[in-house]
Participant: 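Quick one: structure below, then a few questions.
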Amino acid sequence: MILFKRSEDLHHWVLEQKNKGKITGFVPTMGALHEGHMELVKACRSMVDQTICSIFVNPAQFNDPKDFEKYPVSTEKDIQMLYHAGADIVFLPSVEEIYPHGQTGLETYDLGPLETLLEGRYRPGHFQGVSQVMSRLLKLVQPDHLFMGQKDFQQCLVVQRLIEIMHLPVQLHTVPTVREEDGLAQSSRNRRLTAEQRKNAAAISQVLSDIRGKLSSGDAGELLKQAREKLDAAHFKTDYISIARASDLQPLAYWNGKEKAVALVAAFQGDVRLIDNMLLN
Ligand code: AMP
């Protein structure tokens, strides 16, 4: 496994691989790695010749500076995990390597309604930040395949749109969410939960499973009400819970029983913000 810190060195290596006709895959992460990330690496390895992973906590996508400061960092352990998972390259850039001209005046992208719905509504600027870092990384890495987690469902839709806007010849693969035994989606943020919050946190996937089990065509309002109540009872402070069209996340007040639908939730347990989602059909 080779570790690059400089964009130029990574780019040089990438061009060499292209010349050799190697198929490359890319797994971008913010570190504090867990089994969910390893699943992405596994999916990537099964499809490509060279697996490139990045670890970069992107300041541009944190609308709350406190959240950025508190983001867990475990680089040594991450590198070991990636080594054992069989990654070929780890890219560990500094902020200056990613944003050599600073973070102001970066390009903005027309993400359509996805930018201001759900996560976008509660985290203004977040998806522009995601697009800015992904645009930079994708230009550098030029992967044939890109692997991202369904856990961040809206992020996958945003990145797919970015790929289309930029006309990049890369195929995005969405990998199913890896969960703990009680259903909690694995997340770097789970490390910040107290023992009691960790117990409460299981409610978030339970409400999604309930919706999936109970959804039938017609009005979704009652299901959402029950879900909110269950989250309240587990001491969650809910930002949103939505039943939406899977293709563009427009809310489905009335479900026709056929359209591909997804339930999405974001809620705070203490000061830890958790998100999760489930496909409903
Ligand atoms: P992050 O480090 O949180 O930016 O996540 C890096 C990538 O891992 C993103 O594509 C996430 O969607 C994905 N990911 C995070 N948690 C999980 C999980 N529990 N299962 C599958 N993929 C995940």
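Order of listing sets the numbers, starting from 1, for every ligand and every atom in it.
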Participant: Which pairs pass ring pair (Phe, Tyr, Trp, His ring centres under 6.0 Å) with one or both residues in residues 165-221, sequence neighbours excluded?
Facilitator: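 Listed by first then second residue: His145-His173, Phe147-His173.
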
Participant: Where is the tightest heavy-atom contact between Glu119 and Tyr240, given as atom of each residue plus distance?
Facilitator: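 The answer is OE2-OH, 2.6 Å.
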
Participant: So, are Asp182 and Arg198 salt-bridged, with charged N and O less than 4.0 Å apart?
Facilitator: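 A salt bridge is present here (some side-chain N lies under 4.0 Å from a carboxylate O).
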
Participant: Can you run down the side chain to side chain donor-acceptor pair (under 3.5 Å) pairs that involve residues 151-163, sequence neighbours left out, and say none if there aren't any?
Facilitator: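 Of all non-adjacent pairs touching residues 151-163, those that pass side chain to side chain donor-acceptor pair (under 3.5 Å) are Gln160-Glu164.
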
Participant: Consider only side-chain N and O atoms of Asn277 and Gln150, and report whether a donor and an acceptor are under 3.5 Å apart.
Facilitator: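 Indeed, the side chains of Asn277 and Gln150 share at least one donor-acceptor pair under 3.5 Å.
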
Participant: Counting only heavy atoms and a distance below 4.0 Å, can you name the residues contacting ligand 1?
Facilitator: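 Ligand 1 pocket, heavy atoms under 4.0 Å: Pro28, Thr29, Met30, His34, Gly36, His37, Leu40, Tyr71, Met148, Gly149, Lys151, Asp152, Pro176, Thr177, Val178, Gln186.
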
Participant: Partners of Asp64 by salt bridge (Lys or Arg N to Asp or Glu O under 4.0 Å), sequence neighbours excluded?
Facilitator: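 With neighbours one apart ignored, the set is empty.
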
